[in-house]
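For clarity, every value in this text was computed on a predicted model and none was experimentally measured. The residues of the chain are indexed from 1 along the displayed sequence.
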Amino acid sequence: MPSAFRPSRRDFLRVSTALGAGLALELRVPAALGAEVKGLELSAWIVIRPNDEVLIRVARSEMGQGSSTGLPMLVAEELECDWRKVKFEFVSSAENLRRNRVWGSMATGGSQSIRASQEYLRKAGATAREMLIAAAAQRWKVDASDCDAENSTIVHRPSGRKVRFGQVAQAASKLEPPAEVKLKDPKDWNLLGRSAPRLDIRDKVTGKPLFGIDVQLPGMVYAAIAQCPVFRGKLVSVPGERILGLRGLIKVVKLDDAVAVVADNWWRASKMLKLLPIEWDTGANGAATTASIREFVRFGLEDSAIPVARNDGNVEAAFASAAKLVEAEYFAPFLNHAPLEPMNCTALVKGDRVEVWAPTQNAEATHAAAADAAGVPLGNVEVHLTYLGGGFGRRGFQDYTRQAVAIAKQLEGRPVKLLWSREEDMRHDFYRPMTLMRFKGALDADGRLTALRVRDASHSIMAGVRPQEIKDGIDRHALGGIIDSPYAVPNFRIEFALRNSHVPVGFMRTVFHSQNPFMRECFVDELARAAGKDPVEFRRALLGGSPRDLAVLDAAAKASGWGAPLPEGVHRGIALQDSHGSYAAAVFEVQVSPAGEIDIRRVVVAVDPGYVVNPDSAEAQVQSCVAYGLTSALWGEITLKDGRVEQSNFDNYRIMRIAEMPRRIDAVLVPSGGFWGGMGETPLAPLAPALCNAVFAATGKRVRALPLKSQGFSVAPVA
């Protein structure tokens, strides 16, 4: 990268804020690792200490998905180091800027961490390995081709001499990195593809302060915030007399659409905030309700001028000649991300310098937002990346960062920790979009699917993030799982109506693959039933052009014993969906009582991500997706009244409890190789439809609107 490269704050903000679902922009891919060598740093990614400890730098965020282990594993595999001696540290966004973004993107979203950086991380490890070998060869005055690296040592094969990495690291750091390195063939991997102990577990289980909410600094003060309860509303006034003189009060800070109280501890700040008689201007959205927004979105389904996103063959002609027509309308509500750690950020403003401590999914976006909020150059900002107590896409947005810096500006020289209450976190999210979808399918006399028309009316995330990607009124991102359906249908028409209300929407785990597969796969199940065919065999007949989708479908069916007898009253449902570069299928086994209580006896999820880095983490991701996905399918729903979100905490926005988890979860990893896919989101995509299809098999009741609680169903706790 040219050393003269210096992005403006506007450019830096632009490239670092488009986060989610594979949309994180890479301004530059690091092209010359090791260009800046200092001390024992063999490259920007790797530091080897005299005691053989290997420090590997991580540019992505850790929010429980295991990237702080998986990414170092990519480096360590090629480096040939002893995994027991590996440690990691997060990259500094300020240092990344100073070094012309040598670490590339720091965005974490869209299951991109492994698949977007695996090549240059493996090359970093291979480069460092060759430098260590070259240093040892020079020391022994032998040919480097006669030397190998293994388990943090260099071995001279002819003589058997050995030297530890730490003994030659200093000399290696002074060498010119090789221009080209050869990566190992996957069949020769020793670390990748095998379960390795995670590097972050010990500190987490021993309670070491790691998260943004844990930050403590000398002289720190605390801010509680209340935002306008109606989106797009503004602050009118906030008389502060009622709390003047109360113990611990430091300052009342007014923002355009919020009020913050700063005190000597957060509890006092929160209590005083509740005493303030705040007057809001709710604007034109003060009367909005869930029903009114749903009708606004539904109008898109009736629009005669709805844009066409895909039009294969002639659906109308196929409908006219069909032996049977099947029609249905599906609905998915707004959802909250619901991370257990509420939004928070600690900021310190001193003159034209800004420091921020933040649990963020994109440290560069946080860096840019802090600079913009403070009105200072990018070079005057330092971001300290902490662990995230859940993210799921929410922490890619930087509203909480801007607020913290704006408040800290009014208390110059004092670090301010802004912490949202659970209620603020619940009521001021960037929600999963509300979506309605209308299907019409045609079957011939042999039960084959000959035509499919989909009308999709939905909020658009891209309209607020990257509007330039919307062409002719069509947001193809919102059509994920529909427009790229793997099923071969000769006549296929997709129509899309962009219907954004005043409710802010954003990227959520699997993004539109959270709701679109529910609708598509449940309707495919309806078609299979109407055709009188087994749901697996019906799908198999449509997947001839998509061998990987077919393979995971078969893997899930085989692992679940599809077709084999089940205990009386137990029924199965299946679904599949490829997303985020990987392929997944799920099977549920359920029993449903006459009162609608669902006993989830078993969940089988088959996933093909191409390559699996850490099988233990991959299985944990499947289990995590089951917990998160079932929470959404069973209870997830954000509703509005008088323009305001009604849910406020986990008493009225339920999340899955331990006793409600399925009795058994089988993660079936079927990596086929040849590509790198995601693991953090793909397993979630087929869960809701597989569950709803199983419920239909058990009850004969078709679920076409989520959550299941609104359709008369509940969950049986495991005895």
Open item on the list: Between I46 and E41, is the side-chain contact (heavy atoms from CB on, under 4.5 Å) condition met? List the steps.
Closed with: CA-CA 6 Å; I46 302 165; E41 182 181 275; over 6 Å; no
Open item on the list: Go through it in stages, so that I can follow the logic: the residues are L348 and W357, the test is side-chain contact (heavy atoms from CB on, under 4.5 Å), and I'd like the CA-CA distance, side-chain angles, deciding distance and then a yes or no.
Closed with: CA-CA 9 Å; L348 171 63; W357 292 257; 4.1 Å; yes
- [ ] Start with the C-alpha distance between V349 and V376, add both sets of side-chain angles, then the distance that settles side-chain contact (heavy atoms from CB on, under 4.5 Å), and finish with yes or no.
- [x] CA-CA 10 Å; V349 177; V376 303; over 6 Å; no
- [ ] Begin with the C-alpha distance, continue with both residues' side-chain angles, and end with the deciding distance and a verdict on side-chain contact (heavy atoms from CB on, under 4.5 Å) for I461 and F507.
- [x] CA-CA 7 Å; I461 300 171; F507 307 113; 3.5 Å; yes
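The shortest side-chain heavy-atom distance between W280 and V230 does not fall under the 4.5 Å cut-off. Contact of the F90 side chain with the V383 side chain is not registered, since no non-hydrogen atoms from C-beta on lie closer than 4.5 Å. Residues D425 and R422 form a side-chain contact, since some pair of their non-hydrogen atoms from C-beta on lies under 4.5 Å apart. Two residues are said to be in side-chain contact when any heavy atoms from C-beta on lie closer than 4.5 Å; Y628 and M508 meet this criterion. Taking 4.5 Å as the limit, every side-chain heavy atom of T360 sits out of range of all side-chain heavy atoms of C345. A heavy-atom distance below 4.5 Å is not found between the side chains of I638 and V503. By the 4.5 Å heavy-atom criterion applied to side chains, M343 and R395 are counted as neighbours. Side-chain contact between Q361 and F392 is absent, with no heavy-atom pair separated by less than 4.5 Å.
Put simply, CG on N362 and OG on S105 are 6.0 Å apart, with the number rounded to the nearest 0.5 Å. Considering CD of Q621 and OG of S111, their distance stands at 7.5 Å, rounded to 0.5 Å. The NZ atom of K417 lies 4.0 Å from the CE atom of M220; values are rounded to the nearest 0.5 Å. Taking CD1 from I48 and CD1 from I56, the interatomic distance works out to 9.0 Å, rounded to the nearest 0.5 Å. Atoms CG and NE2, on L640 and H502 in that order, are 5.5 Å from each other to the nearest 0.5 Å.
Side-chain atoms of D429 come within 3.5 Å of backbone N or O of H337 as a donor-acceptor pair. Distance alone, capped at 3.5 Å, is enough to place a donor-acceptor pair between the N96 side chain and the W103 backbone. No side-chain donor-acceptor contact under 3.5 Å links S270 to the backbone of W267. Judged by distance alone, with hydrogens and angles left aside, the side-chain atoms of D642 form no donor-acceptor pair with the main-chain N or O of R644 at under 3.5 Å. S117 contributes a side-chain N or O that, together with a main-chain N or O of S113, makes up a donor-acceptor pair within less than 3.5 Å. For E78 (side chain) and A124 (main-chain N/O), no donor-acceptor pair under 3.5 Å exists by modelled atom type. When atom types are taken as modelled, the side chain of D257 and the backbone of C228 share no donor-acceptor pair closer than 3.5 angstrom. Using a distance-only test at 3.5 Å, with no hydrogens or angles considered, no donor-acceptor pair links the side chain of N285 to the main chain of A288. Proximity of a side-chain donor or acceptor of Y653 to a complementary backbone N or O of N336 within less than 3.5 Å is detected. A donor-acceptor pair under 3.5 Å is absent between the side-chain atoms of R394 and the main chain of P342, judged by distance alone.
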Output side-chain donor-acceptor pairs under 3.5 Å for residues 233-255, partner residues at least two apart or in another chain, one line each.
| residue | atom | partner | partner atom | Å |
| --- | --- | --- | --- | --- |
| S237 | OG | E279 | OE1 | 3.2 |
| R242 | NH1 | L275 | O | 3.0 |

Which side-chain N or O atoms in residues 62-74 pair as donor and acceptor under 3.5 Å with protein atoms at least two apart or in another chain?
| residue | atom | partner | partner atom | Å |
| --- | --- | --- | --- | --- |
| E62 | OE1 | S67 | N | 3.1 |
| E62 | OE1 | S68 | N | 2.8 |
| E62 | OE1 | S68 | OG | 2.6 |
| E62 | OE2 | G64 | N | 2.7 |
| E62 | OE2 | Q65 | N | 3.1 |
| E62 | OE2 | G66 | N | 3.1 |
| Q65 | OE1 | M63 | N | 2.7 |
| Q65 | NE2 | S61 | O | 3.0 |
| Q65 | NE2 | S67 | OG | 3.3 |
| S67 | OG | S61 | O | 2.8 |
| T69 | OG1 | L199 | N | 2.8 |

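Nearest heavy-atom pair, P433 versus G506, reported as atom, atom and distance to 0.1 Å: CD-O, 4.2 Å. Here the closest heavy-atom approach between residue R432 and residue S514 is recorded as NH1-OG, 2.7 Å. For S460 against N500, the heavy-atom pair with the smallest separation is N-OD1, 2.5 Å. Pairing each heavy atom of A128 with each of L79, the nearest pair is CB-CD1, 3.7 Å. The minimum heavy-atom distance between H477 and F512, with the atom names listed, is O-CD1, 3.7 Å. The two residues R115 and W676 make their nearest non-hydrogen contact at CB-O, 3.4 Å.
Using the six-membered ring where Trp is involved, F430 and F397 have ring planes that are parallel, under 30° apart on the 30 and 60° scheme.
Side chain to side chain, T366 and Q398 meet the donor-acceptor criterion of an N or O pair below 3.5 Å. With 3.5 Å as the limit, one finds a donor-acceptor pair spanning the side chains of S93 and H367. A donor-acceptor pair shorter than 3.5 Å can be found between the side chains of S501 and H459. Side-chain N/O atoms of S92 and E382 include a donor and acceptor closer than 3.5 Å.
Listed by chain and number, the residues in a side-chain hydrogen bond (donor to acceptor under 3.5 Å, both in side chains) with N649 are E423 (sequence neighbours excluded). Partners of A269 under the side-chain contact (heavy atoms from CB on, under 4.5 Å) rule, at least two apart in sequence or in another chain, are A224, V261, A263. For E646, the side-chain contact (heavy atoms from CB on, under 4.5 Å) partners at least two apart in sequence or on another chain are T639, K641. Evaluation of the side-chain contact (heavy atoms from CB on, under 4.5 Å) rule for D616 yields S195, N614 as partners, not counting sequence neighbours. By the side-chain hydrogen bond (donor to acceptor under 3.5 Å, both in side chains) test, R49 is found to be paired with E53, residues two or more places apart in sequence or in another chain being considered. E355 is linked by a side-chain hydrogen bond (donor to acceptor under 3.5 Å, both in side chains) to H384, counting only residues two or more places apart in sequence or in another chain. With sequence neighbours excluded, no residue forms a side-chain hydrogen bond (donor to acceptor under 3.5 Å, both in side chains) with W266. Partners of A370 under the side-chain contact (heavy atoms from CB on, under 4.5 Å) rule, at least two apart in sequence or in another chain, are V354, V356, V381, T401, V405.
Sorted by first and then second residue, the salt bridge (charged side-chain N to carboxylate O under 4.0 Å, His left out) pairs involving residues 82-92 (not counting sequence neighbours) are D52-K85, R57-E89, D82-R84. Listed by first and then second residue, the side chain to side chain donor-acceptor pair (under 3.5 Å) pairs that reach into residues 213-230 are Q216-Y222, Q227-Q403, Q227-E424, sequence neighbours excluded.
The pair D200-R198 meets the salt-bridge criterion, with a side-chain N (NZ, NE, NH1 or NH2) lying under 4.0 Å from an Asp/Glu carboxylate O.
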